[in-house]
S.K.: 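Sending over a structure as structure tokens; questions will come in a sec.
Computed from a predicted model, the values in this text were never measured in an experiment.
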Amino acid sequence: MAASKRVASMRLPPLPTVGELIKLYKLRAEKQLSQNFLLDLRLTDKIVRQAGSLKDAHVCEVGPGPGGLTRSILNAGAADLLVVEKDYRFIPGLQLLSEAAPDRLRIVHGDILTYRMDRGFPAKISKPWEDEPPNLHIIGNLPFNVSTPLIIKWLESIANRSGPFAYGRTRLTLTFQKEVMERLTASTGTKQRSRLSIMAQYLCTVHKCFIIPGRAFVPKPEVDVGVVHFTPLVQPQIQQPFKMVEKVVRNVFQFRRKHCHKGLGKLFPEARRDELTQEMMQKADVDPMLRPTQLTIPHIRALTEAYAHLCDHNPGLFSYEFREELRLKHLGKNKHTPVEMLMDSTQSAPLPC
């Protein structure tokens, strides 16, 4: 009986609906910010349920906007909700929610891409990485224009155990364009398999939750939206620095319709490209005729370890960028200047060879 009273006390008192708040504060979605409002509280409740139990949890919500998802998180029993909102127009409506949930809702007017979330919660909630995830969740209906750079930033933070992952294996429940959701969750051999698939799945268990039709949003986007849940793995499937894994994966998928050796060859300067590519493929024991979408995470692990070995034995190799070599060649051709002189004049590092 006491427990049921406590849960009831955590639910919000009667408030204006999200739609009424939008009218009250004359809010409208900004197209350049990729804003789309989700007004149906049944759907926001459904998103929140994908995170698991939020009873007495600490939660960070990304881009709360008019506060529909915010209400569902508070109603689910979160004891401490930190919302990070970049658009000042939504702050008054969020303050109204804060007054309705005293000591439970904190508002930060800032950009989630630069906000130091590792300072946002008490250290006592931290859990060792090998233990169960902490009672901390990140939840958000992400604007389309920030969703991909943000998840890449957080994946790097998972690899480094920094930011929100300084507290342990913090779980994420986020919305993405359906196409991005399909890339994040794509399995080997499917046409949606991509750089994003590998980077997310080598670090996390990635679960496709459900699809929200575009008509549920205001204004209606041209695409449907998918909800994805991430739980960081205790041990990443590739034991190499994030930047090295990202470089190998980025190169292999730049020619996704070609055989994988084509993109991997661009890891090496032209003077030794064939030799080092062959050495890398042989050391990794990966068929060079596989397509990028056919590569499994064990394949990528073997290729990354082979590349790391070559970098150890060829100083300066990791800093080599194929597109920079092309740019210098183009400049040399236009100015009839040797590439080596151009590299000296721009203070670039010499090409490894």
S.K.: Does Val225 reach the side chain of Gln177, with side-chain heavy atoms less than 4.5 Å apart?
M.R.: no
S.K.: Taking C-beta and beyond as the side chain, do Tyr202 and Arg301 meet within less than 4.5 Å on heavy atoms?
M.R.: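 Counting from C-beta outward, Tyr202 and Arg301 never come under 4.5 Å.
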S.K.: Would you name the heavy atoms of Ser72 and Thr44 that are closest together and state the gap between them?
M.R.: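 In terms of heavy atoms, the two residues are closest at OG-OG1, 2.6 Å.
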S.K.: Check whether any side-chain N or O of Arg291 sits under 3.5 Å from a backbone N or O of Arg257 as a donor-acceptor pair, and report yes or no.
M.R.: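 Yes, Arg291 side chain to Arg257 backbone: donor-acceptor pair under 3.5 Å.
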S.K.: For the hydrophobic clusters of this structure (ILVMFWY residues joined by side-chain heavy atoms under 4.5 Å, transitively), does one cluster hold both Trp129 and Ile238?
M.R.: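 They do share one cluster, since a chain of ILVMFWY contacts under 4.5 Å joins Trp129 to Ile238.
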S.K.: Heavy atoms, side chains only, cut-off 4.5 Å: are Arg171 and Ile138 in contact?
M.R.: no
S.K.: Look up atom CG in Leu74 and atom CG in Leu54, then write down how far apart they are to the nearest 0.5 Å.
M.R.: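 It is 10.0 Å, given to the nearest 0.5 Å.
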S.K.: Testing the basics here: between Ile107 and Gln95, what is the closest heavy-atom pair and its distance to 0.1 Å?
M.R.: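 Closest approach of Ile107 to Gln95: CD1-N, 3.6 Å.
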S.K.: More than 12 foreign heavy atoms under 6.0 Å from CG of Asp274: is that the case here?
M.R.: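 No, because the 6.0 Å sphere around CG of Asp274 holds 12 heavy atoms or fewer from other groups.
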S.K.: I'd like to know if the side chain of Asp118 and the backbone of Ala166 have a donor-acceptor N/O pair within less than 3.5 Å.
M.R.: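 Checking the backbone N and O of Ala166 against the side chain of Asp118, no donor-acceptor pair under 3.5 Å is found.
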S.K.: Please indicate whether Lys262 has more than 12 foreign heavy atoms, meaning atoms of other residues, nucleotides or ligands, lying under 6.0 Å from its NZ.
M.R.: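 At most 12 heavy atoms, drawn from other residues, nucleotides or ligands, come within 6.0 Å of this atom.
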S.K.: How are the rings of Phe176 and Phe230 set relative to one another: parallel (under 30°), tilted (30 to 60°) or perpendicular (over 60°)?
M.R.: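 Ring orientation, 0 to 90° scale: perpendicular.
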S.K.: Is the shortest distance from a Lys or Arg side-chain nitrogen in Glu246 or Lys243 to a carboxylate oxygen in the other one below 4.0 Å?
M.R.: no
S.K.: Just wondering, are more than 12 heavy atoms of other shown residues or ligands nearer than 6.0 Å to CG in Asp312?
M.R.: yes
S.K.: Whether Lys266 and Glu325 form a salt bridge (side-chain N of Lys/Arg under 4.0 Å from carboxylate O of Asp/Glu) is what I want to check.
M.R.: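 Not counted as a salt bridge, because no side-chain N and carboxylate O are separated by less than 4.0 Å.
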S.K.: Would you call Lys153 and Glu156 a salt bridge, using N to O less than 4.0 angstrom?
M.R.: no
S.K.: Keeping His207 on the side-chain end and Val228 on the backbone end, is there a donor-acceptor pair under 3.5 Å?
M.R.: no
S.K.: May I ask you to decide if Leu81's main-chain N or O and Arg104's side chain share a donor-acceptor pair within less than 3.5 Å?
M.R.: no
S.K.: Would a distance-only check, ignoring hydrogens and angles, find a side-chain to backbone donor-acceptor pair under 3.5 Å from His299 to Thr296?
M.R.: yes
S.K.: Please report the closest heavy-atom contact between Gly65 and Glu85, naming both atoms and the distance.
M.R.: N-OE1, 2.8 Å
S.K.: Testing the basics here: between Tyr167 and Pro122, what is the closest heavy-atom pair and its distance to 0.1 Å?
M.R.: CE2-O, 3.7 Å
S.K.: Treating Gln201 as the side-chain partner and Leu184 as the backbone partner, does any N or O pair qualify as donor plus acceptor under 3.5 Å?
M.R.: yes
S.K.: For the atom pair CZ (Arg193) and OG1 (Thr185), what is the distance rounded to the nearest 0.5 Å?
M.R.: 10.0 Å
S.K.: Kindly indicate whether the side chain of Glu61, heavy atoms from C-beta on, has any atom under 4.5 Å from the side chain of Leu82.
M.R.: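 Contact flag for Glu61/Leu82 side chains = no.
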S.K.: So which heavy atom on Lys191 is nearest to which on Arg256, and how close?
M.R.: O-NH2, 2.9 Å
S.K.: Salt bridge check: are Asp80 and Arg106 linked by an N-O gap of less than 4.0 Å?
M.R.: yes
S.K.: Donor-acceptor check, side chain of Arg195 to backbone of Val249, threshold 3.5 angstrom: yes or no?
M.R.: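 Side chain of Arg195 to backbone of Val249, a donor-acceptor pair under 3.5 Å: no, none is there.
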S.K.: Do Phe255 and Ile198 belong to the same hydrophobic cluster, where Ile, Leu, Val, Met, Phe, Trp and Tyr are linked whenever their side-chain heavy atoms lie under 4.5 Å apart, directly or via other members?
M.R.: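 Result: no, two separate clusters.
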S.K.: Say whether Val180 and Val206 are linked into one hydrophobic cluster, either directly or through other cluster members, by side-chain heavy-atom distances under 4.5 angstrom.
M.R.: yes
S.K.: State yes or no: do Leu233 and Phe165 share one hydrophobic cluster built from I, L, V, M, F, W and Y residues joined by side-chain heavy-atom distances below 4.5 Å, directly or via other members?
M.R.: no
S.K.: Donor-acceptor pair, Thr175 side chain versus Leu142 backbone, under 3.5 Å?
M.R.: yes
S.K.: Any idea how His261 and His259 line up, ring-wise: parallel (<30°), tilted (30 to 60°), or perpendicular (>60°)?
M.R.: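 Answer is parallel, since the angle falls under 30°.
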S.K.: Just by modelled atom types, is the Leu172 backbone N or O under 3.5 Å from a matching donor or acceptor in the His229 side chain?
M.R.: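 The answer is yes, because a donor-acceptor pair under 3.5 Å joins these two groups.
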S.K.: Are the side chains of Asn135 and Ile125 in touch, meaning some heavy atoms are under 4.5 Å apart?
M.R.: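 Asn135 vs Ile125: side chains apart.
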S.K.: Going through the checks in order, is the side chain to side chain contact (heavy atoms under 4.5 Å, CB included) test met by Val223 and Phe144?
M.R.: CA-CA 10 Å; Val223 295; Phe144 294 158; 3.9 Å; yes
S.K.: Would the number of heavy atoms belonging to other residues, nucleotides or ligands and lying under 6.0 Å from CD of Glu132 be above 12?
M.R.: no
S.K.: Using a strict 4.0 Å threshold on nitrogen-to-oxygen distance, state whether Glu179 and Arg183 make a salt bridge.
M.R.: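 Yes, Glu179 and Arg183 are salt-bridged.
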S.K.: Where do Phe242 and Leu203 land on the side chain to side chain contact (heavy atoms under 4.5 Å, CB included) test, with the steps shown first?
M.R.: CA-CA 10 Å; Phe242 181 88; Leu203 289 164; 4.1 Å; yes
S.K.: Give a yes or no on whether Gln294 atom CD has more than 12 heavy-atom contacts from other residues, nucleotides or ligands under 6.0 Å away.
M.R.: yes
S.K.: Taking the side chain as every heavy atom from C-beta outward, state whether Phe217 and Leu39 have any atom pair closer than 4.5 Å.
M.R.: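 Phe217 vs Leu39: side chains apart.
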S.K.: Please examine the side chains of Val62 and Ile139, heavy atoms only from C-beta on, and report whether any two atoms are closer than 4.5 Å.
M.R.: no
S.K.: OG1/Thr70 to CG/Leu97 distance, rounded to the nearest 0.5 angstrom?
M.R.: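 So the OG1 of Thr70 and the CG of Leu97 are separated by 6.0 Å.
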S.K.: Could you give the distance from CZ (Arg161) to OG1 (Thr170), rounded to the nearest 0.5 Å?
M.R.: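 Spacing of CZ (Arg161) from OG1 (Thr170) equals 12.0 Å.
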S.K.: Quick check for you: to the nearest 0.5 Å, what is the distance between Thr304 atom OG1 and Met244 atom CE?
M.R.: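 Result: 8.5 Å between the selected atoms.
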S.K.: Is there a side-chain contact between Tyr320 and Leu267 in this structure, where contact means two heavy atoms from C-beta onward sitting under 4.5 Å apart?
M.R.: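 When only atoms from C-beta onward are counted, Leu267 and Tyr320 do not touch, as no gap falls below 4.5 Å.
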S.K.: Of all the heavy-atom pairs spanning Cys260 and Asp287, show the shortest one and how long it is.
M.R.: SG-O, 3.6 Å
S.K.: Any donor-acceptor pair under 3.5 Å linking the side chain of Arg169 with the backbone of Asp131?
M.R.: yes
S.K.: Measure the spacing between CE of Met281 and CG of Leu290 and express it to the nearest 0.5 Å.
M.R.: 7.5 Å
S.K.: Salt-bridge test for Arg250 and Glu321: reply yes if a basic N is under 4.0 Å from a carboxylate O, no otherwise.
M.R.: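 A salt bridge is present here (some side-chain N lies under 4.0 Å from a carboxylate O).
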S.K.: Does NZ or CZ of Lys247 lie under 6.0 Å from the centre of the six-membered ring of Phe318, at an angle within 45° of the ring axis?
M.R.: yes
